[in-house]
Number of protein chains: 2
Amino acid sequence: MAGKGSGAQSKRPQQTDMSIQPAAERGEPSLSLERIVATAVELLDAEGIGGLKMRRLADRLGAGAMSLYWHVANKEELVDLALNAVFEYRGSSATGKAEDWRQEAIHMLEDWRASMLRHPWSASLLPQRALGANILGRLELLSKTLARAGVADADLNAAIWSLWNYVIGATITRASFDLSEEDRTAGHQRLTRLSEHYPTIERSRLLLDNDWDGVFRKGLDFLLDGLVQK
Amino acid sequence: MAGKGSGAQSKRPQQTDMSIQPAAERGEPSLSLERIVATAVELLDAEGIGGLKMRRLADRLGAGAMSLYWHVANKEELVDLALNAVFEYRGSSATGKAEDWRQEAIHMLEDWRASMLRHPWSASLLPQRALGANILGRLELLSKTLARAGVADADLNAAIWSLWNYVIGATITRASFDLSEEDRTAGHQRLTRLSEHYPTIERSRLLLDNDWDGVFRKGLDFLLDGLVQK
DNA sequence: CGATTTTATCGTACAACGTACGAGTCAGTT
DNA sequence: AACTGACTCGTACGTTGTACGATAAAATCG
């Protein structure tokens, strides 16, 4: 997916094989990539992408602003790491049995949606950033699950992308309604005022109340049905 | 949808009813909202959201940077206007006959997708911005078309959102692959390297070549089928 | 052991950006 | 001639990301 090419790397020696952490062990390392990313996620959760400033993040970590740049090449990389962190997936209680494919797919996709809704900034950032490892992991899993379900090789990519597109689209839509919670009532009024000129929309209250979860699940079932029967 | 509430307004007297333009008429107005927005779209098309700077836009217009602020409250509003401009829809050669509902829906949705792909920044910006009038117009049209197709009132919102979600998701995915064209080969290599650890993905070349248009149309047909039969 | 390298932190400074402020120009009206 | 409103723009400020060393502490080596 998009994003600025391959992306820079931090100055810190790349930890290719995970074994020893060079400097930690005894004294408190005070700063660590994990802590930085975790705190960045906190900030993003609290105030959205606009609230993530390097100085503020450093403050909250009790460090100098430039100290972050030992662990992270630049802000862009930091955001990528935060995004990736949010998309981790531990997996379902996967039996691996062929007939369970459907509930495993649903589990993963609903978990994914839930992750994005817990961190609404992630949904709106995803389109502009590169595909992270955890996303690829989910795609890989989905791919295997669908293959087990009997989707033909020739249809596999189309099936995966259909599901991906659906989940992304549904979640972005849903999340962006949540995002405007800064002043829920003002946004509400704005929508009400705007939709006055659109009678059908107004009558159906399309923009106002929706059973988002129900709509999501309905569409998902629908897609899954179609993908295996075709 | 999201966005920062109601949004500020420019200093220029709001042109509520479209009749007279106060200052134009004879001498060249040199700057106008239309020209500003159109040029902003040019800049966005050429270099993406990162390339749109107020100073640069003013330069290209042969004006001082601060002159823009007479016509536009701030950059955010400008981006909203550019977004809205890009989503204009002139309508199909709509017959209004009930049996043509399907091709009219398809026409609008594919036109919408095409608009976003002509301006890839629009797809990735949409999730973070407010719903503009032209988007609402499309939703209104879609709503009427589906009603004509016989979709029950109770299912109407779910149907609209399903289609919307699908189009948004599919287009964002597609556009974000295009976005990484700054160095197409570098991105390509990155994806190839990354997907090494994901055998199923690699084997199916999920990330590399896809008949995007075909996949989009397939899923769309699929959704439309389901929405009316249910 | 002392010398040297690696790991990590951070203060200062700078360039780029959005935009507040207010001064300016020009046309039309009274 | 005085005034008003539409429009333009130069200067300047605050906020950002981050380049560039200057540190110090720990690890390694002779």
Side-chain angles (χ1 to χ4, degrees), chain A residues 4 7-16 19-37 39-40 43-44 47-82, chain B residues 4 7-16 19-37 39-40 43-44 47-82:
Chain A
K4 301 292 165 185
Q9 300 289 358
S10 65
K11 248 155 264 172
R12 182 179 30 65
Q14 230 48 36
Q15 195 151 334
T16 315
S19 43
I20 39 102
Q21 48 261 68
E25 279 305 280
R26 195 53 26 188
E28 67 256 43
S30 152
L31 232 43
S32 76
L33 190 54
E34 289 76 29
R35 222 162 71 82
I36 291 176
V37 173
T39 310
L43 258 174
L44 286 164
E47 317 197 29
I49 184 63
L52 179 62
K53 327 263 171 85
M54 299 306 272
R55 278 175 244 254
R56 232 141 75 88
L57 176 55
D59 274 1
R60 187 178 274 227
L61 286 161
M66 292 313 291
S67 305
L68 301 177
Y69 287 89
W70 174 259
H71 305 269
V72 147
N74 48 43
K75 187 179 178 178
E76 199 178 314
E77 188 189 271
L78 177 60
V79 171
D80 282 346
L81 290 170
Chain B
K4 302 291 164 185
Q9 300 289 358
S10 65
K11 247 157 265 171
R12 181 179 30 68
Q14 229 49 35
Q15 194 149 335
T16 315
S19 43
I20 39 103
Q21 48 263 71
E25 280 305 281
R26 192 56 27 189
E28 67 256 42
S30 150
L31 231 42
S32 76
L33 191 54
E34 289 75 28
R35 221 161 72 82
I36 291 175
V37 173
T39 311
L43 257 175
L44 286 164
E47 317 196 29
I49 184 65
L52 180 62
K53 326 265 171 82
M54 298 307 271
R55 278 176 244 253
R56 234 142 72 89
L57 176 56
D59 272 3
R60 188 179 274 228
L61 286 161
M66 292 313 291
S67 305
L68 302 177
Y69 287 90
W70 175 259
H71 304 269
V72 148
N74 49 42
K75 187 179 179 179
E76 200 178 313
E77 188 190 270
L78 176 60
V79 171
D80 282 346
L81 290 170

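A note on names: the letters A, B, ... follow the listed sequences, proteins ahead of strands, and every chain is numbered from 1.
- Applying the 4.0 Å criterion to OP1 and OP2 of dT9(C), one finds that Ser30(A) has a side-chain N or O inside that range.
- To the nearest angstrom, C1' of dG18(C) lies 15 Å from CD1 of Ile36(B).
- Put simply, NE2 on His71(B) is 12 Å from C1' on dC9(D), counting in whole angstrom units.
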Which side-chain N or O atoms in residues 48-65 of chain A pair as donor and acceptor under 3.5 Å with protein atoms at least two apart or in another chain?
residue  : atom : partner  : partner atom : Å
Arg56(A) : NH2  : Glu47(A) : OE1          : 3.0
Arg56(A) : NH2  : Glu47(A) : OE2          : 2.8
Arg56(A) : NH2  : Gly51(A) : O            : 3.2
Arg60(A) : NH1  : Glu42(A) : OE1          : 3.2

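- As rounded to whole Å, 14 Å separates atom C1' of dT15(D) from atom CG of Asp59(A).
- At dC10(C), one or more side-chain N or O atoms of Ser67(A) fall inside 4.0 Å of OP1 or OP2 (strictly under the cut-off).
- Looking only at side-chain heavy atoms (C-beta outward), Leu44(B) and Val79(B) stay at 4.5 Å or farther from each other.
- To the nearest 0.5 Å, atom CZ of residue Arg35(B) and atom NE2 of residue His71(B) are 9.5 Å apart.
- Counting only residues at least two apart or on different chains, no salt bridge (Lys or Arg N to Asp or Glu O under 4.0 Å) pair has a member in residues 61-71 of chain B.
- Atom pair Leu61(B):CG and dT8(D):C1' shows a separation of 13 Å (rounding to whole Å applied).
- Residue contacts shown for Ala63(B) are limited to sugar-phosphate atoms, with no base heavy atom under 4.0 Å away.
- Leu31(B) has its CG atom 17 Å from the P atom of dC26(C), to the nearest Å.
- Rounded to an integer number of Å, the gap from Leu33(B) CG to dA6(D) P is 16 Å.
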Subject >> Annotated protein contacts, base or backbone, on nucleotides 16-22 of chain D with a non-hydrogen cut-off under 4.0 Å, one of B, S, - each >> reply: BBBBB--

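- A heavy-atom distance below 4.5 Å is found between the side chains of Leu81(A) and Leu33(A).
- A pairwise comparison of heavy atoms in Asn74(B) and Val72(B) identifies O-CG1, 3.0 Å as the closest pair.
- One interatomic measurement links the two molecules: CH2 of Trp70(A) to P of dT23(D), which rounds to 18 Å at whole-angstrom precision.
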